[in-house]
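A short worksheet on the structure shown next.
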Amino acid sequence: MSSAENIELQEKDTDQGENLLAKLALEAELADYSPVKGCMVIRPYGYSIWEQIQSALDKMIKETGHQNAYFPLFIPESFLQKEAEHVEGFAPECAVVTYAGGKELEERLVIRPTSETIINHMFSKWIKSYRDLPVLINQWANIVRWEMRTRLFLRTTEFLWQEGHTAHATYEEAIEETKKMLQVYKTLSEEYLAIPVIDGEKTERERFAGAVKTYCIEGLMKDGKSLQMGTSHYLGQNFSKAFDTKFQDQNGQLQFVYQTSWGVSTRLIGSVVMTHHDEKGLKLPPKIAPVQIVIVPIYKESTEKDIVLKKCKEVEDILSSDFRIKTDSRDQYSPGWKFNHWELKGVPIRINLGPKDVSSNVVEIVRRDTGEKLRNIPQEGLRQYLLKLSNEIQENLFRQAKEFLLKNTFVINNEKEFVKKIESGGYLVCFWCESSTCEENIKLKTKATVRCIPFKLPVDQNQEEGYCISCNKKTNLKVLFAKAY
RNA sequence: CGGGAAGUAGCUCAGCUUGGUAGAGCGUCCGUUUCGGGUGCGGAAGGCCGCAGGUUCAAAUCCUGUCUUCCCGACCA
């Protein structure tokens with residue numbers, strides 16, 4: 001990290017929103033490009049964010065009764081072809097291994113673009129009776145989708161994710177599971193990532209290939225585009241029929257299981273960057289920040305240095321059981337340089353500690369979210385003070401993002417207004433007649449698509465009935481349009 | 001996958017039109033000075049000019065291919 005780079009970032013920031021995610025991710029050392037198209041290396045700082053997200057979500061997944069397992073990377077090509085819509089949806093973006101062990105393979109192996117097929121294959125072996133149900137499984141894995149156009153974190157060729165796969169005896173139970181896990185994702189996003197989301201159902205056009213229903217959470221990024229942050233699919237019996245995943249019910253009848261699948265990916269890291277940043281760099285929510293507090297020692301001569309560093313160590317020791325904390329005692333950088341460095345990296349709280357503070361038993365605290373300097377904070381009770389402050393920062397980031405979401409959500413009643421408004425981004429609440437043709441027409445004109453049919457509208461729109469934004473047909477369906485990633 | 005732009009020192013870029021010993025600023029290293037918002041000064045190191053071919057006495061420079069990145073489009077979640 002150099003000053004030249006950083007100044008560069010700030011200059012380009014103003015006029016080049018489009019490129020911001022890549023710039024921030026590279027500058028803050030979250031990731032780097034690999035030699036292979038569309039692939040990225042997740043660097044330690046970025047991976048640590050992923051680990052924070054993982055550990056929070058993994059806990060929630062287990063609390064809702066699921067167990068982790070691991071299924072193989074390679075899937076026999078024939079498996080993909082068993083479910084008609086699934087093949088059609090995924091075939092073009094599959095990477096296939098045709099040659100291994102020095103010869104052409106008898107059966108080609110697909111590198112998983114998702115694991116429904118292989119998991120169903122195994123479920124068929126394991127599920128015999130209603131007593132075996134439900135099966136509630138999750139796996140943390142990498143997957144590969146050969147995308148034409150890639151983008152750091154948001155759409156990479158290979159990415160890390162979690163995919164839950166469950167099998168149930170009834171429709172009701174499977175639907176409940178689908179919705180429950182979507183709710184888990186909403187909680188993860190809002191309480192940990194500090195990103196408000198709209199939860200709802202996908203239209204037919206946007207649905208997962210092979211699903212009966214797809215539910216999603218959508219977040220509004222700072223550039224006004226919507227990002228799908230998680231999906232939860234009700235698969236019905238599509239896969240169980242294709243893979244013959246059957247169980248014997250209480251009455252001795254053979255039935256196909258009802259299934260769900262749900263996932264979030266390293267895309268979430270992208271969503272955090274695209275939601276929480278300013279001209280200085282990232283603003284990481286404390287709950288997922290790899291470093292929550294950084295201490296910057298300030299000193300002149302070596303006698304001062306000893307005293308100050310000793311105090312830093314003392315403060316760090318007091319706080320280390322409650323915070324991920326780090327003292328930046330590197331001698332080759334000035335305090336000013338370190339201030340900028342850690343701001344770029346998005347560390348939520350910084351403690352400046354110099355000789356003046358040592359002598360009067362105080363510290364200076366700087367909030368990353370507001371930039372506010374809190375001077376002369378007594379060392380006594382610092383732990384409590386920072387716990388409170390940390391929560392406040394977490395909440396404030398969410399509040400700001402929520403305000404942004406609401407400020408950029410508009411109720412729109414006619415197409416002319418729609419076309420004009422969508423230019424500047426944001427969500428448009430509109431009536432829609434549910435025809436794919438109208439959805440397509442809007443997309444051709446504006447690039448915007450139906451992000452979801454929200455469970456609950458983010459803004460008030462009390463009109464029960466209205467007219468389709470595209471064809472003017474009378475309808476009572478209200479949806480959320482936006483340009484999306 | 002189609003159209004456009006780019007790839008030269010760790011970073012940002014100049015040099016290419018008109019072929020002839022590889023450049024700058026920042027960073028890095030050494031010394032010194034400084035340290036509460038990217039210190040100042042002096043010195044030094046650092047480059048298969050993305051990769052592979054071709055043309056030429058000679059290629060960063062011209063030609064062909066290829067890889068990667070960015071933008072626009074198509075595709076996709």
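These numbers come from the heavy atoms of this one structure, side chains and all, not from hydrogens, waters or symmetry mates. Below, chain A is the first sequence line, B the second, and so on; all start at residue 1.
Nucleotides B:A44 and B:C48 place their C1' atoms 24 Å apart, quoted to the nearest Å. Rounded to the nearest Å, the gap between the P atom of B:U18 and that of B:C62 is 9 Å. B:G19 and B:G2: their C1' atoms are spaced 34 Å apart (whole Å). Atom P of B:C72 sits at a distance of 25 Å from the matching atom of B:C11, rounded to the whole Å. When the C1' atom is compared between B:G54 and B:U61, the two are found 15 Å apart, to the nearest whole Å. Taking atom P on both B:G10 and B:A45, the two are 16 Å apart, rounded to the nearest angstrom. Taking atom P on both B:U69 and B:U8, the two are 15 Å apart, rounded to the nearest angstrom. Between B:G47 and B:U39, the two C1' atoms lie 30 Å apart (nearest whole Å).
Between the side chain of A:Arg350 and the base of B:G37 there is at least one donor-acceptor pair of N/O atoms closer than 3.5 Å. Counting atom types as modelled, A:Asn352 pairs no side-chain N or O with a base atom of B:G37 as donor and acceptor under 3.5 Å. Evaluation of atom-type donor-acceptor distances gives a pair under 3.5 Å for the side chain of A:Asn340 against the base of B:G37.
Between the side chains of A:Asn120 and A:Gln259, at least one donor N or O sits under 3.5 Å from an acceptor N or O. At a cut-off of 3.5 Å, with distance as the only test, no side-chain donor of A:Tyr333 or A:Asn340 sits close to an acceptor on the other residue. Side chain to side chain, A:Ser390 and A:Gln292 fail the donor-acceptor criterion of an N or O pair below 3.5 Å. In summary, the side chains of A:Thr114 and A:Arg112 do not present any donor paired with an acceptor at a separation below 3.5 Å, with no hydrogens or angles considered. Of the N and O atoms on the side chains of A:Thr166 and A:Thr260, at least one donor lies less than 3.5 Å from an acceptor on the other residue.
Taking atom CG on A:Asp331 and atom P on B:U32, their separation rounds to 13 Å, with Å as the unit. In this structure, A:Leu20 places its CG atom 17 Å from C1' of B:U69, rounding to the nearest Å. Atom CD1 in A:Ile295 sits roughly 18 Å away from atom P in B:G36 (whole-Å rounding). The nearest whole Å value for the distance from the CG atom in A:Asp328 to the P atom in B:G36 is 13 Å. A:Asp32 has its CG atom 15 Å from the P atom of B:U68, to the nearest Å. Between A:Glu304 atom CD and B:C35 atom P there is a gap of 9 Å when expressed in whole angstrom units. Distance CD (A:Glu29) to C1' (B:C11): 12 Å, rounded to an integer number of Å. Between A:Gln332 atom CD and B:U32 atom P there is a gap of 16 Å when expressed in whole angstrom units.
At B:U34, none of the side-chain N or O atoms of A:Tyr299 fall inside 4.0 Å of OP1 or OP2 (strictly under the cut-off). Residue A:Ser334 places none of its side-chain N or O atoms closer than 4.0 Å to OP1 or OP2 of B:U34.
The aromatic rings of A:Phe239 and A:Phe243 lie parallel to each other, their planes meeting at an angle below 30°, with 60° marking the opposite boundary.
The residue A:Lys305 sits apart from the nucleic acid: no heavy atom pair falls under 4.0 Å. A:Gly38 comes within 4.0 angstrom of the backbone, heavy atoms only, and of no base. Among the atoms of the strands shown, base atoms are found under 4.0 Å from some heavy atom of A:Lys356. In this structure, A:Lys300 reaches the bases: a heavy-atom distance under 4.0 Å links it to at least one base atom across the strands shown. At the heavy-atom level, A:Glu301 lies nowhere under 4.0 Å from the strands shown.
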Enumerate the protein-to-nucleotides 40-50 of chain B contacts in which both atoms are nitrogen or oxygen and the separation is below 3.5 Å.
none

Under 3.5 Å, which N/O atoms of the protein pair with N/O atoms of nucleotides 75-77 of chain B?
unit_1, atom_1, unit_2, atom_2, d
B:C76, O2', A:Glu93, OE2, 2.6
B:C76, O2, A:Arg155, NE, 3.4
B:A77, O3', A:Arg145, NH1, 2.8
B:A77, O2', A:Gln228, NE2, 2.8
B:A77, N6, A:Glu206, OE1, 3.3
B:A77, N6, A:Arg451, NH1, 3.2
B:A77, N6, A:Arg451, NH2, 2.6
B:A77, N1, A:Gln228, OE1, 3.4
B:A77, N1, A:Arg451, NH2, 2.4
B:A77, N3, A:Gln228, OE1, 3.0
B:A77, N3, A:Gln228, NE2, 3.3

Working for side chain to side chain donor-acceptor pair (under 3.5 Å), residues A:Thr214 and A:His233: CA-CA 4 Å; A:Thr214 290; A:His233 313 291; 2.9 Å; yes

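Salt-bridge formation is detected for the pair A:Arg367/A:Asp369: a Lys NZ or Arg NE/NH1/NH2 atom is positioned less than 4.0 Å from an Asp or Glu carboxylate oxygen. Remark: A:Asp278 engages A:Arg368 in a salt bridge, criterion side-chain N to carboxylate O under 4.0 Å. At a threshold of 4.0 Å, the pair A:Arg207-A:Glu201 does not count as salt-bridged, since none of the basic side-chain nitrogens sits closer than that to a carboxylate oxygen.
Using modelled atom types, no side-chain atom of A:Ser48 and backbone atom of A:Tyr45 make a donor-acceptor pair closer than 3.5 Å.
Across the strands present, B:A5 finds its partner in B:U69; the criterion is a Watson-Crick or G-U wobble pair with both atom distances under 3.5 angstrom. The partner of B:U61 cannot be assigned: no Watson-Crick or G-U wobble pair with both contacts below 3.5 Å exists in any strand.
Within the structure, every pair that satisfies the salt bridge (Lys or Arg N to Asp or Glu O under 4.0 Å) test and touches residues 68-86 of chain A, not counting sequence neighbours, is listed here: A:Glu77-A:Arg108.
Residue order along RNA chain B, read from the 5' end via each residue's closest nucleotide, puts A:Phe339 first among A:Phe339 and A:Ala22.
Counting only heavy atoms from C-beta on, A:Lys447 has its side chain closest to B:C72 among B:C70, B:U28, B:C72.
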